[in-house]
Every structure is written in C-alpha cells, then in structure tokens.
Amino acid sequence: IATYASAIRLCGNSRSLSAARRIRDHLVGNGWDRNTFLGNLLVELFGKCGSLDESRRAFERIATPNTYSWNIMTAAYTGNGNLHDARRIFAQMPEKDIVSWNAMMTAYSQARHFLPALDMFDKMPQWDVWSWNAIMRVYSLSGSLDTAKNLFDKMPQRTIVSWNTLVAEYAQKRHLGDAVGMFEKIPMRDMVLWNEVVMVFLDVGMANEAIELLEAMPQRDTVSWNTRTKAFVQIGDLVNAKRSFDSTPKPDLASFTTMVVAFSQQGKLRNAREMFDRMPCRDTVAWTAMVSAYAQNGHVNSARNLFHEMPEKNLVSWNAMVAAYGQNCDGATAVHLFRLMDLEGIQVDSISLVSALDGCSSKTALAEGRILHAAAVELGFDQD
RNA sequence: UCUCUUCUUUGAUA
C-alpha cells in the first residue's frame, strides 16, 4: 500500500494525468482501487487534475468510503468551482465532521454566497481555528472588514493563518496602514506573508520593487516564482517572464496558466497553445484561460471547439464563452448560451449578464434584450 | 523532513 501510495503522490507532484491513469488502471486490475486509503488518493489526484468524472468514478469504486473519502470528493468539486455537486455530496454524506463543514463553508465563501456561508457556520456542531479563520474571511470578503477585525480580536485561538488572512484583506482593500500595522505585530512571518507583501507591490504598480524584494528573499516557493513571472508580464517583459517560468524549480498549474495568459495578451496565440499542450495536466482554470485566449484573438470557432472539449465547465468557463460570442458581435448566440447556463444548473452572476449584454448593443433583437433584462431584475442587478 | 481531506498568498471570465 505504501508503495502504491507514494506512486500516486508522485503523480500528484508532477501533476501528470497520463501517469495517474496508468496507476489507476493498474489498481483497477488488481482490485486495490477498492481500498479506502488508495482510493482516497486517487479521488484527490483526479480532482486536482480537474478530471471530476474520473474522480467520482474512483470514489464510487471504494468499497467502504470513510469520512475522508467524502470530504475529498467534496473538495474535488469545490476546488473546480462546482458548488452544485459539492452541495449534493455534502447532503449525501452519512457522517459529517468539522472538516466537511469547514470545506462547505469555504466553498460558499469563495463563490461569494455569503449568507449560506454564515448559515453553515451557525449550523456547525463545533468550531476549530480553521472555522474561525474561514468565517473571518467571509466577513472581510463581504465588505465587513471591521467585523472581521473584531472577530480576530475575540477568536478563541489564532494561528499564523489568521494573521496572514487579515493582512491580505487589509492589503487588498487598500488599507495599507492597517496592513503594515498588522505586519509589524505578527509574531511569526512565513513565506505566505512575504508573498503577500510582494503582491502588494505588484498591486500598486511597483513591479520592479516586487521583483527586487523577491530576489532579496532568503527562500522562494512556487507561489513566489509565479508572482515573479507575473511581475514581468505586468511590465510587458515577456522575455524575462518566460525566463522566470523556465527557472521555476517546481512549476505548477498556475505557472503554466500564467504563461498561457501572458502569451495570449501579446497576441502570441501559438505560444499560448504550446504552453497549454505542454501542461502535464489541465484543470478548469487552464482550459478556461485557453478558451479565452482564442476568443480574445478573434478565433471564436477554436474557442468553441475547445469549450466543448473541456472535461469540466464551471461558471467562469461559461462566462468566458458567452463573452467570446459577445465580443465577436454574435449577441444571439451569447444570449442563447446565457440561457443554456440555467438549464445546465449553473447559477449566473453579474459577469454572465454583462458578457451577454456586450453582444446585444446593436445587433440583438429586442426579444433577447428583454430576456436579459428579466434576468437582471431577477438577480437584483437592474439598479446597476 | 512529504499519516489521505477543510482556513491565508500566485494562474481563468466582463
């Protein structure tokens, strides 16, 4: 079991989907895929690769799934932005532990569904530091930074994550004074915090200072390297961005996707596609980035083909495709897709609406405009 | 020095 486990983990590190499938087939062949521990690893592995079908099948093959199995299955869905199926799994779970509740609360929070997130918190049988950190973030994301700070002060325990969360929230909301104040009081500074500081420089348009700081840092992790690559992209230095990517010791999906977007923005569609093809495995984010790359460079048909090839689609992927049609003045198809989202069980958001409206400006018939207006009213966006 | 899952930093849509 240990041998198989390490083999699966190796795939996870290299994020190689084909290697993952080979191991999976091997385990299916000898029946070890029914083992809970190994099955759990497979569920997680396919989830991380954005292959939710295979993840679910691995889950279904486990003879006696435990709470870990259920939680990993939930995480696979939430990690790919599939709130719908995550909820379903959560509801079906025979036994929920604190991890299940925390995961579901965070899933709502990330989807910006703050009321259900608060509801989860209230319904939880007990709370741990993770729950407190997560609820603190719900408040800050929903705009109540003061409430978040009050929570931070009153929380029964705090970890380094609590501190890092608040610094990041202050920084993102441009309360730089508060961010610095927090930073100075932090008892222990880790890599996450330093990466946050680098991001502050990038966010305020000081890319060169960000790069200098990164180079002065004693340690760098993959996030640091990715941020460095992004900094070069931001100053329009594609050559050094590519160099930064090539120097990244352990590139992950974000490293590749950053380059896909960078090439696309410079109109280098071929390079973008090469980067995409070189990825050992592709998650929903990567697929969506490539769909948008085609769309933004005027290749709507290629965008559509790739969209249909995607193994999993979430809200953002759909929005990207709606926008693709909108930007290319095919308002009718954009609206059609917009309505299809509903049928697919995707909860539309304001971006879906704006993207569909984009193509409506002149070419779309009045009837389609009415559909969107009705949707806007329903969503409560009619005042905007 | 990686006993499987949940919190904070980097990558996708307007």
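A, B, ... follow the sequence lines: proteins, then strands. Residue 1 opens every chain.
Residues A/Arg189 and A/Ile160 form no side-chain contact, since every pair of their non-hydrogen atoms from C-beta on lies 4.5 Å or further apart.
For A/Asn164 and B/U10, the CG to C1' distance is 14 Å, given to the nearest whole Å. In this structure, the CG atom of A/Asn102 is 11 Å from the P atom of B/U8, given to the nearest Å. Protein atom CG of A/Leu42 is 14 Å distant from nucleotide atom P of B/U5, rounded to whole Å. Rounded to an integer number of Å, the gap from CD of A/Gln347 to C1' of B/U13 is 16 Å. Taking atom CD on A/Gln172 and atom C1' on B/U9, their separation rounds to 8 Å, with Å as the unit. A straight line from CH2 of A/Trp70 to C1' of B/C4 spans 17 Å, rounded to a whole angstrom. Protein atom CE of A/Met199 is 5 Å distant from nucleotide atom P of B/U10, rounded to whole Å. Separating the CG atom of A/Asn71 from the P atom of B/U5 is a distance of 11 Å, rounded to the nearest angstrom.
The base of B/G11 lies close enough to the side chain of A/Thr257 for a donor and an acceptor atom to sit less than 3.5 Å apart. A donor and an acceptor atom never sit less than 3.5 Å apart when one is taken from the side chain of A/Asn319 and the other from the base of B/A12.
OP1 or OP2 of B/U10 has not a single side-chain nitrogen or oxygen of A/Arg220 nearer than 4.0 Å. For B/U6, the OP1/OP2 oxygens have no side-chain nitrogen or oxygen of A/Gln110 closer than 4.0 Å.
Comparing B/U5, B/G11, B/U13 by their closest approach to the side chain of A/Lys230 singles out B/G11. The A/Ala320 side chain lies nearest to B/U13 when the options are B/A14, B/U13, B/C7. Distance from the side chain of A/Val161 is smallest to B/C7 among B/A14, B/C7, B/C4. For A/Glu196, the listed nucleotide lying nearest its side chain is B/U8; candidates were B/U8, B/U10, B/A14. Closest approach to the A/Val261 side chain among B/A12, B/C4, B/U10 is made by B/A12 (side chain taken as heavy atoms from C-beta onward). When distances are taken from the side chain of A/Val285 to each of B/U9, B/C4, B/G11, the shortest belongs to B/G11. Of the listed nucleotides (B/U5, B/U6, B/A12), B/U6 has the atom at the smallest distance from the side chain of A/Ala103.
Without hydrogens or angle criteria, A/Asn80 side chain to A/Ala76 main chain gives a donor-acceptor distance under 3.5 Å.
To the nearest 0.5 Å, atom CG of residue A/Leu202 and atom CG of residue A/Leu214 are 8.0 Å apart.
The side-chain ring of A/Tyr68 is not stacked on the base of B/U5, judged by centre separation under 5.5 angstrom and plane angle under 30 degrees. Look at A/Trp132 and the base of B/C7; the rings do not stack under the cut-offs of 5.5 Å between centres and 30° between planes.
The pair A/Lys313-A/Glu344 fails the salt-bridge criterion, with no side-chain N (NZ, NE, NH1 or NH2) lying under 4.0 Å from an Asp/Glu carboxylate O.
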Please list, pair by pair, any protein nitrogen or oxygen found under 3.5 Å from a nitrogen or oxygen in nucleotides 1-3 of chain B.
| unit_1 | atom_1 | unit_2 | atom_2 | d |
| --- | --- | --- | --- | --- |
| B/C2 | N4 | A/Asn13 | ND2 | 2.6 |

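For an aromatic pair to be called close, the ring centres must be under 6.0 Å apart, and A/Trp70 with A/Phe90 fails this. If you look at A/Phe256 and A/Phe245, their ring centroids are closer than 6.0 Å. Between A/Trp318 and A/Phe307, the distance from one ring center to the other falls under 6.0 angstrom. Within the 6.0 Å centre-distance limit, the rings of A/His26 and A/Tyr4 are counted as a close aromatic pair.
When heavy atoms are screened at a 4.0 angstrom cut-off, A/Asp283 is found touching base atoms of the nucleic acid. As judged by a 4.0 angstrom heavy-atom cut-off over every strand, A/Asp128 is placed among residues making no nucleic acid contact. Contact annotation for A/Ala254: base contact, defined as any heavy-atom pair under 4.0 Å involving a base atom. Within the nucleic acid shown, A/Leu41 comes within 4.0 Å of sugar-phosphate atoms alone, with no base atom in reach, counting heavy atoms only. Looking at heavy-atom distances under 4.0 Å, A/Thr288 makes contact with a base.
For A/Arg243 and A/Phe232, the positive end is not near the middle of the six-membered ring at less than 6.0 Å and at most 45° from its axis.
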